[in-house]
There are 2 protein chains.
Amino acid sequence: MISTLTRVSKVGYSQFNRNLVRFASSSAKKHEKVLNIETMHPLIKNVEYAVRGALPIRAEALSKQLKTDPSKLNFDKVVFCNIGNPQQLNQKPITFFRQVASLCENPELLKAENRHLISKLYPADAINRAEVLLKNIGSIGAYSHSKGIPHIRENVAKFIERRDGCEANPDNIFLTQGASEGVQKVLQLLTEHDKTGIMIPIPQYPLYSATLSLVDAKPVPYYLDEQNDWGLDRKGLEKAVHEARDNGVDVRALVIINPGNPTGQCLSEENMRDIIDFCHTERIVLLADEVYQTNIYQPEHRPFHSFKKVLKSMGPEYQEQELFSFHSISKGMIGECGRRGGYFECVHIDPEIMDQLYKISSVSLCPNIHGQIMVDLMTNPPVEGDASYPQYKEEIDAIYQSLRRRAIKLATCFNNLEGVTCNSAEGAMYLFPQIRLPQKAIKEAEKAGMAADTYYSMAMLEATGVCVVPGSGFGQQQGTYHFRSTFLPEEHLFDTFCSSLEAFHKEFLNKYRD
Amino acid sequence: MISTLTRVSKVGYSQFNRNLVRFASSSAKKHEKVLNIETMHPLIKNVEYAVRGALPIRAEALSKQLKTDPSKLNFDKVVFCNIGNPQQLNQKPITFFRQVASLCENPELLKAENRHLISKLYPADAINRAEVLLKNIGSIGAYSHSKGIPHIRENVAKFIERRDGCEANPDNIFLTQGASEGVQKVLQLLTEHDKTGIMIPIPQYPLYSATLSLVDAKPVPYYLDEQNDWGLDRKGLEKAVHEARDNGVDVRALVIINPGNPTGQCLSEENMRDIIDFCHTERIVLLADEVYQTNIYQPEHRPFHSFKKVLKSMGPEYQEQELFSFHSISKGMIGECGRRGGYFECVHIDPEIMDQLYKISSVSLCPNIHGQIMVDLMTNPPVEGDASYPQYKEEIDAIYQSLRRRAIKLATCFNNLEGVTCNSAEGAMYLFPQIRLPQKAIKEAEKAGMAADTYYSMAMLEATGVCVVPGSGFGQQQGTYHFRSTFLPEEHLFDTFCSSLEAFHKEFLNKYRD
């Protein structure tokens, strides 16, 4: 029974008590099913994924309870701050993007007999764009090229060229169903055997640890420096890689999330050069998760630089340095998560590896066309002079300014809490405050079989309806406790949101004060 | 060098000569890249995927050549019969489905001030449906529940209940990004170790062999009986499972594609009972790929029965028999391949396994919402009395009748060719004729380092622009040669299509006649 319990807590996924009951009752009929917890793929069993783990499962149950039996709850709304899902919290989609997408969806509207009506509902540039896309795609109901529609990959390449001021080749771009799919493919490709090591930041986005579990590669953690705005330290990287190699781990790649998730830092160019040089020296492939590249809140102090741009600026000595860069339509000011779209660019990657990536992409046939269309729109938005430009700019600016205000407001709120410190967000959509918990709370958590920050976050959810993710889901320095919260709740609700967190925190400390 | 060549031909993916050049030139700088063909994931290297392999790559090149330098080619169009991609060959989407999808995409259209204009462009039931969907989804730009939107899973369950006359539970349904994604997840979950065996039909759809390569499970082939309309034979199944087990393979599951791909058979209820009883006796999980369930061309002789319905009709003795059933929006009369949508139903699956499936789905966050919406429309189409019903019915019927006529026409064409025999299509979208090739052709193919049916298919492509997939990509009885062709070319082009195949075949035989 002890080993079963250990597994449950390691899997850390389903609700603890539910599993306990299940294990007890299922042991009798253990062998009735061919496919059961004992006979399934062992690596899947080991996967943890906190962003959608125990907390959100409880949050969903509370959401349901609010509809059926709200009287026992102290809140009238569950606020999902566990996941960067802006439109779930009523962020409005970009009008032009949805106009184009809806015309592509229903090309009947573009027929001559409907033109008169359509011109009253759609601006001319949205109609034009839909026509250009349809001409290049054919039907959006057909499978496309497995790497993505060539026309859209060309537009992505042009976007990268404008961003970085250096050449990009459409053949090096793979469109994907969100950045996650690309990351999973590349991490698997990199894994030669179970001693293959991939360096990941701690704290990290759990997609990385989950995927490494799944492909049976060794995560080689390196720690971000909380005292130093979650920056990277070359000495720390060197220590991590040398220790791993001394232990027989064959380190092949380094993952950097910039701007950071859950930590929100945006790296300086100098720091990036140092990291690239480290990879070059140590023969390590660089994976740059750059999905938050437009979520930049201190642009003068910490502007975004792509790793490709910095790499290309470092001269011919680095012309073999391998880099994968990932981008997504889910973040930025667009927030079209549900569409599942993104791309990755392969920089200095072996042509045979490119063929293998193409082959493996073809097994899933193609990324969905709607996601591809949104990648086109993201990388090729209205420009000055276009009919839709003023509205587009207004919408983007409004979302950006609001996100920036909320980032500051929430950090201030956290920093005002007793025993809590929180770095400001230079980028991304999250804050990752450190909470100092009283010993009594830590012991209570232990009794309940939970990490102490899970215990705290669960108490927050039950008291306020706010769902965050405990720091243990991302990794953190031993003996420290954190949680990750998005700053996505709607701005007009933000003061209430902050004061409910304050009230909860006070009550929690008072209850467990040593 | 010999081993390199062997690998190229085993991978069978890129164009032979291209790889040859690459291997030769890359051997010098072998160690310049950290990630290269020697250091990559070995299982990915082994994957073969013929549907998008050497033939379609050549077909794409020819497509480009038609635009730049058509004078050297004997045809004015490349016809992609290698893949069931109806809308690529101009099959029209179902009007109602696209109307609803476009309204969901642009909810601004549903605002009061636009209602007057919208009512001139959209029927009332499309507007209603979009409103119901948006009410249940919220924004289509947000991540949904990782198993799919609850409202849509409820509609899928009702569809299954209507189809089978027995209960279906929405909690047992996972929406997916196409059937392929579901199949890949379930096959991986079933693979405990590298001796795990999964029975697959030969010929098979290469998704299965590719996925088994990737998850390192053992394919346990069983042969479909070409003489007997590609039927399944229980004795053959028993022989396959016993032989595999005698060789230390731990057989866990059986894949059946019904209606068949590439073979087009539709199983009789009697045959299905026999197969279920075989699985029950041998303790084997049944995976039923039922994506062609509405592509049924001999409904009196061979109607479609779902495996779930037949299983449920067999009484309490079978109430633990595990079954996964897969469905898709890509096939049927809908053909919305590019959207990547589908679902699978879990029947009698262990609840802990359901939790694991949920966990692993959550790592990819959610299936794309557009695919989910199309699953809703597919399983819950207009019914008699709805404004859109007459048009919906007319469109579905027209596509169905045309597919049926084309299936017959193409089978007749093949059967009239010298040395070719072809079973008629009871279902699906493909024919899989057997071609008897002259020894001279077989030898020429050998010299070129190709399977003989690849050689034949490549010659067909070069002569006619028609792209099919060689039988060796699906597996076939040793010493036999086949190819798979869809019967999706447009009906008004069908006679020309058939006569160009006839002319090519005659010429090919004359050239190589022994």
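Because only heavy atoms are used, hydrogens play no part in the values below, and waters and symmetry mates are left out as well, while side chains stay in. Here is the naming used below: chain letters follow the sequence lines, and residue numbers restart at 1 for every chain.
- For chain B, the nearby part of P367(A) is the backbone; its heavy atoms alone come within less than 4.5 Å.
- Side-chain contact between L121(B) and N106(A): absent, with no pair of heavy atoms (C-beta onward) separated by less than 4.5 Å.
- Neither the backbone nor the side chain of T95(A) comes within less than 4.5 Å of any heavy atom in chain B.
- For chain B, the nearby parts of Q99(A) are the backbone and the side chain; heavy atoms of each come within less than 4.5 Å.
- Side-chain atoms of E322(A) do not come within 3.5 Å of backbone N or O of V285(A) as any donor-acceptor pair.
- The candidate with the highest count of non-hydrogen atom pairs below 4.5 Å against chain A, out of I44(B), L190(B), T211(B), is I44(B).
- Interface remark: H193(B) contributes no atoms to any contact with chain A (heavy atom separation under 4.5 Å).
- A donor and an acceptor atom, one from each side chain of H370(B) and E105(B), are located under 3.5 Å apart.
- For Q356(A) and K359(A), the side-chain atoms include at least one donor-acceptor pair closer than 3.5 Å.
- In this structure, E320(A) pairs ionically with K33(B), as a charged nitrogen and a carboxylate oxygen lie closer than 4.0 Å.
- Formation of a donor-acceptor pair under 3.5 Å by the K185(A) side chain with backbone atoms of L357(A) is not found in this model.
- Heavy atoms closer than 4.5 Å to chain A are found in the side chain of Q184(B), but not in its backbone.
- With chain B as the partner, the residue from R339(A), Q372(A), Q88(A), E336(A) showing the most heavy-atom pairs under 4.5 Å is R339(A).
- Contact of T191(A) with chain B is made through backbone and side chain together, with heavy-atom distances under 4.5 Å.
- Ion pairing of E192(A) with R252(A) is present here, as a side-chain N (NZ or NE/NH1/NH2) and a carboxylate O approach within less than 4.0 Å.
- Chosen from G138(A), A101(A), P42(A), A217(A), the residue pairing most often with chain B at heavy-atom distances under 4.5 Å is A101(A).
- Within the 4.5 angstrom heavy-atom criterion, only side-chain atoms of I353(A), from C-beta onward, approach chain B.
- Checked against a 6.0 Å centroid threshold, the rings of F324(B) and H348(B) do not count as neighbours.
- Using a 4.5 Å cut-off between heavy atoms, I140(B) touches chain A through backbone and side chain atoms alike.
- Contact annotation: the side chain of L187(B) approaches that of L287(B) to within less than 4.5 Å [non-hydrogen atoms, C-beta and beyond].
- Highest contact tally toward chain B, considering only I284(A), L89(A), V215(A), L189(A), is held by L189(A) [criterion: heavy-atom pairs under 4.5 Å].
- Salt bridge absent: K64(B) and E60(B) never bring a charged side-chain N and a carboxylate O closer than 4.0 Å.
- For a residue to count as touching a neighbouring chain, one of its non-hydrogen atoms must lie under 4.5 Å from one of that chain's; by this rule T39(B) touches chain A with backbone and side chain alike.
- Heavy atoms of S330(B) lying under 4.5 Å from chain A belong exclusively to its side chain.
- Note on E108(A), K120(A), Q177(A): by heavy-atom pairs under 4.5 Å with chain B, the leading option is Q177(A).
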